[in-house]
*Asks:* 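Sharing a structure here in structure tokens format.
Note that these values count all heavy atoms, side chains included, but never hydrogens, waters or copies made by symmetry. Naming convention: chains lettered A, B, ... in sequence-line order (proteins, then strands); numbering from 1 in each chain.
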Amino acid sequence: MLKVSNKEVRVRFAPSPTGELHVGNIRTALFDWAYARHTGGKFVFRIEDTDTERVTDEYIQAALGTLRWLGLDWDEGPEVGGPYGPYLQSQRLDIYAKYAKQFLDEGFAYHCYCSAEELEAVREAQRAANVAPGYNGHCRNLTSEQIAAYVAEGRKPVVRMLMPEGSTTFTDLIRGEVSFDHNFVPDFVLVRADGSPLYTLAVAVDDVLMKITHVLRGEDLLSSTPRQIRVYQAMGVAPEDYPLFAHLPFVMGQDNAKLSKRNGEVSIAWYRDAGYLPEAICNYLALLGWSPGEDREDVTMKELTELFTVERVHSSPARFDIKKLEAINGDKIRALTPNSFFDWAMPFLTRANVVTGTASEIELVKKALPIIQERIATLSEIPPMLKFLFTQDFAVESDSASKISDEQSKKVLQASLDRLAGLTEWNHAAIESVLRAALIEELGLKPRIAFGAVRIAVTGSHISPPLFESMELLGAAKSLERIKAALLI
RNA sequence: GGCCCCGUCGUCUAGUGGCCUAGGACUCUGGCUUCUCAAGUCAGCUACGAGGGUUCGAAUCCCUUCGGGGCUACCA
């Protein structure tokens, strides 16, 4: 039975930045963060960079930037420090070395001189014999003569943990009791031949030293848990002080399985550049493997911290569906205040070279944003939608041009031009009223036909923000000029 | 192959023995609204993987089976 503890909750997110963080990583980070905030505990951010071959400083920086952008603030970790630092494993090598030596001295681990080739041969044989694969314990009880011989050969040993007979059983907060027979948990390597530590050592040592109380991580680490627990035992940690484990279900790609570049495994930076809001990404990701219940789906970051519990995380994997993310993003955009929508929009407009940022442009942007706020799902749709208001070299889109080259369109445009030219007050209500009179009543046309032609002439496309508002914002001079020009198409 | 995890509409999920002729959301289809596109709104399609039990009663408990996934590294 789980013991109720009144210790302060300490949760860690400990990625190994061998690439940019993707939605799966972030979902884990989000749950870690939400759980820490929900319980009033600490959110610890640790970098697992023991794999020096694959982890790069660039990826580490990107990881920090991603969490910050998403609003997942950490209480301890890189840049902010904390009482149990350093929080980069590459800076804790002496600590791991100390424990490795201690395990060796106390008989929990031993030197293994087997070469990669020998190990591979053993695995081959095991596969062929159809028995459980894993280290065969060859170096467990080497005599001093054997050791001397290996050393003489120039072999450098790894440090290998000795898994005793028996089994390891623990209670996963999401999956219940899980048990592994040690026959299927072979002796594992703690320290490489070059003296550098492996994840298996570092993760367990750090979780203990950093006083981590809850380990919420991906399901792929479920089967490494017995190894981690063995390290706790070697460290002399009492069972009641082991962290509690909760293995989160996978986030999988659109179609079948595994996240890939094609479906979801793209960096969060990609989503940022594509115009997704942090709140939307977090809200959507929160729904992958968790739900607030009561037919609710829309949650703010604050609500997430209030509602999130591991009890409501379920055990089956979830498919990443960008369509739903998009829908949620649209909802979040619509919920933005005018000021904050403006703040989000400007970088997209400048990056797309639609505006440069002059005072007059900003004024126009502020007037234009309200008419498009409810018609977009991502911020990247803003530039193409507002381009017609700012462009210096206006031209009707080629596929729309053909729709206004017929006789009827010419009549519509000419009539519009005549009436609009006489307009003394240039505002959307006035524009609408004269155009309705001229096109709908006098020419007897259907609104969609009549206004469609004007829309193409003025905005350059058959899809645009509301026509009359668009014309008001464009101004009389440009609007008339464009209609005139369209007459010549 | 072995070990471990998982299995409700196409997708995310609600559901912890009777409230379930299974609810919500996204997608899709159709309608309304309508100056286009959206938004809004109404309706529709579609699910408890299968087979056995237990029980008055099962999506919910048990067993088997099938299917999916993970691990099986001097990666994490």
*Asks:* Can you pull out every salt bridge (charged side-chain N to carboxylate O under 4.0 Å, His left out) where at least one residue sits in residues 12-32 of chain A? Sequence neighbours excluded, please.
*Replies:* A:Arg12-A:Asp207
*Asks:* With sugar-phosphate meaning primed atoms plus P, OP1 and OP2, does A:Arg312 contact a base, only sugar-phosphate, or nothing at under 4.0 Å between heavy atoms?
*Replies:* sugar-phosphate
*Asks:* Could you check whether A:Ile328 gets within reach of a base, just the sugar-phosphate, or nothing at all, counting any heavy atom under 4.0 Å?
*Replies:* nothing
*Asks:* Among residues 445-453 of chain A, which residues get a heavy atom nearer than 4.0 Å to RNA chain B?
*Replies:* A:Pro447, A:Arg448, A:Phe451
*Asks:* With sugar-phosphate meaning primed atoms plus P, OP1 and OP2, does A:Arg455 contact a base, only sugar-phosphate, or nothing at under 4.0 Å between heavy atoms?
*Replies:* base
*Asks:* Hey, could you give me each pair passing ring-ring contact (aromatic ring centres under 6.0 Å, His included) that has a residue in residues 436-476 of chain A? Not counting sequence neighbours.
*Replies:* A:Phe451-A:Phe468
*Asks:* Nearest heavy atom decides the nucleotide; on that basis, is A:Phe184 or A:Ile463 closer to the 5' end of RNA chain B?
*Replies:* A:Phe184
*Asks:* Donor-acceptor pairs are to be reported for all side-chain atoms of residues 275-294 of chain A against protein atoms at under 3.5 Å, with residues two or more places apart or in another chain.
*Replies:*
unit_1	atom_1	unit_2	atom_2	d
A:Asn283	OD1	A:Val299	N	2.9
A:Asn283	OD1	A:Lys332	NZ	3.0
A:Asn283	ND2	A:Glu297	O	2.9
A:Tyr284	OH	A:Asp321	N	2.7
A:Tyr284	OH	A:Asp321	O	3.4
A:Ser291	OG	A:Gly293	N	3.1

*Asks:* Just to be sure I understand the rule, does A:Phe468 reach a base, reach only the sugar-phosphate, or reach nothing, if contact means heavy atoms closer than 4.0 Å?
*Replies:* base
*Asks:* Give A:Thr200 one of three labels, base, sugar-phosphate or nothing, depending on what nucleic acid heavy atoms sit under 4.0 Å from its own.
*Replies:* nothing
*Asks:* Within the 4.0 Å heavy-atom criterion, would you say A:Pro15 contacts the bases, only the backbone, or no part of the nucleic acid?
*Replies:* nothing
*Asks:* My understanding is that only residues two or more places apart in sequence, or in another chain, count here; which of them pass salt bridge (Lys or Arg N to Asp or Glu O under 4.0 Å) with A:Asp187?
*Replies:* A:Arg140
*Asks:* Quick one: label A:Glu374 by what it contacts on the DNA or RNA (base, sugar-phosphate, nothing), any heavy atom closer than 4.0 Å.
*Replies:* base
*Asks:* Applying the ring pair (Phe, Tyr, Trp, His ring centres under 6.0 Å) criterion to A:Trp74, which one of A:Phe13, A:Tyr87, A:Phe45 satisfies it?
*Replies:* A:Phe45
*Asks:* Using atom P in both nucleotides, what's the gap between B:C6 and B:G10 to the nearest angstrom?
*Replies:* 23 Å
*Asks:* Categorize A:Gly330 for me: base, sugar-phosphate, or nothing, with a 4.0 angstrom heavy-atom threshold over every strand shown.
*Replies:* nothing
*Asks:* With rounding to the nearest 0.5 Å, note down the distance linking NZ in A:Lys478 to CD1 in A:Ile483.
*Replies:* 14.5 Å
*Asks:* How far, in whole Å, is B:U55 from B:C62 if one measures between their P atoms?
*Replies:* 16 Å
*Asks:* Report the residues that fulfil salt bridge (Lys or Arg N to Asp or Glu O under 4.0 Å) with A:Arg375, sequence neighbours left out, ordered by chain and then residue number.
*Replies:* none
*Asks:* Which letters describe nucleotides 23-31 of chain B, given B = protein heavy atom under 4.0 Å from base, S = only from sugar-phosphate, - = neither?
*Replies:* BBBS-----
*Asks:* B:G15 and B:U60: how far apart are their C1' atoms, nearest whole angstrom?
*Replies:* 8 Å
*Asks:* Is A:Val158 touching bases, backbone alone, or none of the nucleic acid, heavy atoms closer than 4.0 Å?
*Replies:* base
*Asks:* So which pairs with a foot in residues 176-200 of chain A pass ring-ring contact (aromatic ring centres under 6.0 Å, His included), sequence neighbours left out?
*Replies:* none
*Asks:* Tell me, please, which residues at least two apart from A:Ser380 pass side-chain hydrogen bond (donor to acceptor under 3.5 Å, both in side chains).
*Replies:* A:Thr378
*Asks:* Is there a Watson-Crick or G-U wobble partner for B:U21 with both distances under 3.5 Å, and if so, which one is it?
*Replies:* none
*Asks:* With sequence neighbours left out, what residues match A:Glu219 under salt bridge (Lys or Arg N to Asp or Glu O under 4.0 Å)?
*Replies:* A:Arg175
*Asks:* Any side-chain heavy atom of A:Leu88 within less than 4.5 Å of one from A:Pro78?
*Replies:* yes
*Asks:* By the 4.0 Å heavy-atom rule, please label A:Ser196 as base, sugar-phosphate, or nothing.
*Replies:* nothing
*Asks:* Once you apply a heavy-atom cut-off of 4.0 Å, does A:Leu467 come out as touching a base, just sugar-phosphate, or nothing?
*Replies:* base
*Asks:* Using a heavy-atom cut-off of under 4.0 Å over every strand shown, decide if A:Val203 touches base, sugar-phosphate, or nothing.
*Replies:* nothing
*Asks:* So A:Gln373, base contact, sugar-phosphate only, or nothing? Heavy-atom distance under 4.0 Å.
*Replies:* nothing
*Asks:* Can you name the residues that form a salt bridge (Lys or Arg N to Asp or Glu O under 4.0 Å) with A:Arg217, not counting sequence neighbours?
*Replies:* none
*Asks:* If you count every heavy atom of other residues, nucleotides or ligands that lies below 6.0 Å from A:Lys387 atom NZ, does the total exceed 12?
*Replies:* no
*Asks:* Identify all pairs in which a protein N or O lies below 3.5 Å from an N or O of nucleotides 43-47 of chain B, and state each distance.
*Replies:*
none

*Asks:* So what does A:Ser464 touch, heavy atoms closer than 4.0 Å: a base, only the sugar-phosphate, or nothing?
*Replies:* base
